[in-house]
K.L.:
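Take a look at the following structure, please.
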Amino acid sequence: MDQRMYENYLMILKEEMIPAMGCTEPIALAYGAAKAREILGREPEKILAKCSGNIIKNVRCVVIPNSGGMTGIEAAVVLGAIGGDSSKEMEVLASADEKARKQAGELLQRKICRVELLDSSIPLHFILEMTAGSDRVFLEIRQDHLNITRIEKNGEVLLDRETEKESSVPSVQQGDRTLLNLEDIRNFSDSVALDQVKELVERQISFNMAIAREGMTGKYGLGIGRVIKESYSDEMLTKMRSLTAAASEARMGGCEMPVIINSGSGNQGIACSVPLIIYAREMELPDEALYRALVFSNLLTVYQKYYIGKLSAFCGAVSASCAAGAAITYMVGGSLETIKMTIENTLANIPGIICDGAKISCAAKIAASLDAAFLAHHLAMNHQAYSPYTGILQEETSETISCVGMIGKEGMRETDKEILKIMLEH
């Protein structure tokens with residue numbers, strides 16, 4: 001590969017494969033609140049959280065980790081302000097203790113935090129206004145969970161990234177996602193020096209499998225992982241679906257264990273990795289094959305999500321599971337054409353799954369998406385694929401990926417509004 005492209009792909013992996021506790025949207029709010037509190041310099045007396053529809057949608061139903069079972073925007077913001085450590089970024093609540101939880105609970109009872117819907121065209125967008133006495137802090141995050149674009153204290157501008165406001169590329173990103181393409185993703189996965197990615201992929205294996213095993217205890221949500229395992233035959237797909245779904249359910253249910261995320265999503269980080277780990281272990285494949293397949297799967301997920309955006313009415317489990325299916329094809333030596341068939345077969349099947357917010361039922365959507373992706377893999381390995389122009393499929397796989405992205409990003413804007421409207425009515 002061209003060295004510039006090689007370094008760019010490596011940078012993308014390092015930026016995307018980071019640890020996070022819990023659902024990433026409440027964690028982003030907690031991170032912003034922790035940072036605002038640090039700038040304020042004392043305990044806040046009032047907080048106004050203005051949040052885009054997608055932030056509201058994705059925070060409403062998930063349990064905040066290390067919170068003692070709290071849910072909701074107000075809880076994420078207040079606990080972040082009281083017990084958060086912004087230096088830990090997406091693990092901002094890792095050190096929140098019982099004292100912080102008690103204090104946050106008291107402040108929530110006093111209703112110091114008020115939430116408003118932010119009228120914004122940016123799906124991932126929120127503003128926190130935090131006051132204590134005569135002191136006031138304004139903090140804004142756009143596009144990415146950690147991408148602070150503006151900070152003010154008492155009218156003084158401490159940070160202002162004006163160019164960021166109109167850009168679709170967060171300033172926290174250095175890797176150029178526009179250079180991603182299927183052929184180079186495969187070439188990079190084939191050629192990357194394993195010592196440059198080993199730490200990344202081994203951490204993903206360790207973290208994501210640990211929470212999968214925790215989810216299989218059945219302590220979270222509906223215990224979907226155990227139900228799948230006990231209800232279906234003991235075969236590869238059952239193991240893949242049960243453990244992957246269990247990991248998601250634990251994460252959505254408030255488990256404090258971190259996961260390695262992808263495209264700002266823990267569920268996508270889980271879905272694009274856990275199935276490959278199980279497949280490789282069951283088939284007794286060498287570590288190198290698994291490591292390279294995880295590189296492939298993570299980059300293919302980012303590639304698809306670049307067109308869709310971090311938050312959308314399009315379920316991210318589809319993109320991540322599609323990547324997992326294609327990565328299994330890659331891992332067993334499938335040709336580029338066979339990999340393309342796997343992608344096309346998946347996207348011909350399940351692009352209609354909507355995102356109605358982060359919650360424990362995301363685990364069921366992941367299980368369903370993996371079923372479709374594994375079927376797509378088997379069809380491809382039998383040299384079977386749906387023809388171009390069957391539905392939304394295009395002549396080239398790259399065109400299909402971009403078209404699905406446009407459906408998710410632009411075509412489903414009204415769907416997103418209707419979903420939010422329905423959710424806010426109750």
K.L.:
Can you list the steps and then say if L200 with V295 is a side chain to side chain contact (heavy atoms under 4.5 Å, CB included)?
P.N.:
CA-CA 9 Å; L200 287 173; V295 167; over 6 Å; no
K.L.:
Can you tell me how far the OH atom of Y307 sits from the CD1 atom of I407, to the nearest 0.5 Å?
P.N.:
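Y307 OH to I407 CD1: 14.0 Å, rounded to 0.5 Å.
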K.L.:
State whether K340 and E183 are salt-bridged, where the test is any N-O pair (Lys NZ or Arg NE/NH1/NH2 against Asp/Glu carboxylate O) under 4.0 Å.
P.N.:
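Between E183 and K340 there is a salt bridge, with a charged N closer than 4.0 Å to a carboxylate O.
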K.L.:
Is there side-chain contact between V302 and R177, with at least one heavy-atom pair below 4.5 Å?
P.N.:
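Yes, close enough: below the 4.5 Å cut-off.
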K.L.:
Can you tell if the side chain of H145 reaches within under 4.5 Å of the side chain of K310, non-hydrogen atoms only?
P.N.:
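Counting from C-beta outward, H145 and K310 do come under 4.5 Å.
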K.L.:
What I want to find out is whether E249 reaches R226 closely enough, with some N-O distance under 4.0 Å, to be called a salt bridge.
P.N.:
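Result for this pair is no, no salt bridge flagged.
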K.L.:
Are I343 and T400 side-chain neighbours, meaning at least one heavy-atom pair lies under 4.5 Å?
P.N.:
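Of all side-chain heavy-atom pairs linking T400 with I343, none is under 4.5 Å.
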K.L.:
Examine distances only and state if a side-chain atom of Y220 and a backbone atom of S248 form a donor-acceptor pair shorter than 3.5 Å.
P.N.:
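No, the answer is negative, given that no donor and acceptor are paired below the 3.5 Å cut-off.
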K.L.:
S189 side chain to I185 main-chain N or O, any donor-acceptor pair under 3.5 Å?
P.N.:
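Here the side-chain-to-backbone pair exists.
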K.L.:
Grab the two heavy atoms, one from S265 and one from T24, that are nearest each other, plus how far apart they are.
P.N.:
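S265 and T24 have their closest heavy atoms at CA-OG1, 4.2 Å.
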K.L.:
Between CZ of R241 and OG of S369, what distance do you get to the nearest 0.5 Å?
P.N.:
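Spacing of CZ (R241) from OG (S369) equals 10.0 Å.
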K.L.:
Specify the closest pair of heavy atoms between T71 and R60, including all atoms of both residues, with the distance to one decimal.
P.N.:
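T71 and R60 have their closest heavy atoms at CB-O, 4.4 Å.
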K.L.:
Could you check if a side-chain atom of I205 sits within less than 4.5 angstrom of a side-chain atom of R281, using non-hydrogen atoms only?
P.N.:
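Answer yes - side chains close enough.
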K.L.:
Do D190 and Y330 have side chains that get closer than 4.5 Å, going by heavy atoms?
P.N.:
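D190 vs Y330: side chains touch.
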K.L.:
Over 60° means perpendicular and under 30° means parallel, so tell me whether H377 and F374 are parallel, tilted or perpendicular.
P.N.:
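Parallel.
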K.L.:
Could you tell me which non-hydrogen atom of A81 sits nearest to which non-hydrogen atom of I47, and how far apart they are?
P.N.:
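Closest approach of A81 to I47: CB-CD1, 4.5 Å.
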K.L.:
Determine the minimum heavy-atom distance between C61 and A358, stating which atoms define it.
P.N.:
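Minimum heavy-atom contact is CB-O, 3.6 Å.
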K.L.:
Verify the distance criterion only: is there a donor paired with an acceptor across the side chains of T338 and S335 at less than 3.5 Å?
P.N.:
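Yes - a donor-acceptor pair under 3.5 Å links their side chains.
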K.L.:
For R292, is there an ion pair with E288 - N to carboxylate O distance below 4.0 angstrom?
P.N.:
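Yes, charged N to carboxylate O under 4.0 Å.
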K.L.:
Hey, does M90 have a side-chain heavy atom less than 4.5 Å from the side chain of Y31?
P.N.:
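Contact flag for Y31/M90 side chains = no.
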K.L.:
Find the distance between CZ (F126) and CZ (R142) and round it off to the nearest 0.5 Å.
P.N.:
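The CZ atom of R142 is 12.0 Å from CZ of F126, to the nearest 0.5 Å.
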K.L.:
Using the side chain to side chain contact (heavy atoms under 4.5 Å, CB included) rule, take I82 and R37 through it: C-alpha gap first, then chi angles, then the decisive distance, then the call.
P.N.:
CA-CA 8 Å; I82 299 303; R37 159 67 191 269; 3.9 Å; yes
K.L.:
Please tell me if the side chains of S273 and I260 come closer than 4.5 Å, counting only heavy atoms from C-beta onward.
P.N.:
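Side-chain contact under 4.5 Å: no.
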K.L.:
Working to the nearest 0.5 Å, report the span between CD1 of I56 and CG of L118.
P.N.:
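Reported value, rounded in 0.5 Å steps: 8.5 Å.
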K.L.:
How about L13 and E16: do any of their side-chain heavy atoms sit closer than 4.5 Å?
P.N.:
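Not touching, per the 4.5 Å side-chain cut-off.
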K.L.:
More than 12 heavy atoms of other residues, nucleotides or ligands under 6.0 Å from OH of Y6: yes or no?
P.N.:
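It does: Y6 OH has more than 12 such atoms within range.
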K.L.:
Under 3.5 Å, is there a donor-acceptor pair between the T301 and N262 side chains?
P.N.:
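On atom types as modelled, these side chains do not qualify, holding no pair under 3.5 Å.
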K.L.:
Report yes or no: does N54 contribute a side-chain atom to a donor-acceptor pair with the main-chain N or O of L124 at less than 3.5 Å?
P.N.:
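Pair absent, no side-chain N/O of N54 close to backbone of L124.
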K.L.:
To the nearest 0.5 Å, tell me how far I224 CD1 sits from K229 NZ.
P.N.:
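Rounded to the nearest 0.5 Å, the CD1-NZ separation comes out at 15.0 Å.
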K.L.:
How about CG on D97, more than 12 heavy atoms from neighbouring residues, nucleotides or ligands closer than 6.0 Å, or not?
P.N.:
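Counting other residues, nucleotides and ligands, CG of D97 exceeds 12 neighbours.
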K.L.:
Quick one: closest heavy-atom pair of L393 and L347, and the distance?
P.N.:
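So the two residues come closest at CD2-C, 4.4 Å.
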K.L.:
Rounded to the nearest 0.5 Å, what separation is found between the CD1 atom of I401 and the OH atom of Y306?
P.N.:
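Between atom CD1 of I401 and atom OH of Y306 there are 13.5 Å.
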K.L.:
List the steps and the verdict of side chain to side chain contact (heavy atoms under 4.5 Å, CB included) for L336 and L182.
P.N.:
CA-CA 9 Å; L336 182 60; L182 188 57; 4.1 Å; yes
K.L.:
For L179 and M5, what are the C-alpha separation, side-chain angles and deciding distance, and is it a side chain to side chain contact (heavy atoms under 4.5 Å, CB included)?
P.N.:
CA-CA 8 Å; L179 298 179; M5 187 78 80; 3.8 Å; yes
K.L.:
Would you name the heavy atoms of I270 and R251 that are closest together and state the gap between them?
P.N.:
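Scanning both residues completely, I find the closest heavy atoms to be CD1-CD, 4.1 Å.
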K.L.:
Check this for me: does any side-chain nitrogen of one of K57 and D416 sit under 4.0 Å from a carboxylate oxygen of the other?
P.N.:
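Here K57 pairs with D416 in a salt bridge, since their nearest N and O are under 4.0 Å apart.
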K.L.:
With side-chain hydrogen bond (donor to acceptor under 3.5 Å, both in side chains) as the test, would you mind laying out the steps for S319 and Q268 before giving the verdict?
P.N.:
CA-CA 8 Å; S319 305; Q268 288 166 60; 5.7 Å; no
K.L.:
Quick one: does S242's side chain have a donor or acceptor within less than 3.5 Å of a partner on K239's backbone?
P.N.:
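Yes, because the side chain of S242 sits within donor-acceptor range (under 3.5 Å) of the backbone of K239.
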K.L.:
Look only at the side chain of D184 and the backbone of D2, and say whether a donor-acceptor pair between them is shorter than 3.5 Å.
P.N.:
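Judged by distance alone, no pair lies under 3.5 Å.
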K.L.:
Decide whether D85 and S87 meet the rule of one side-chain donor and one side-chain acceptor closer than 3.5 Å.
P.N.:
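There is such a pair between these side chains.
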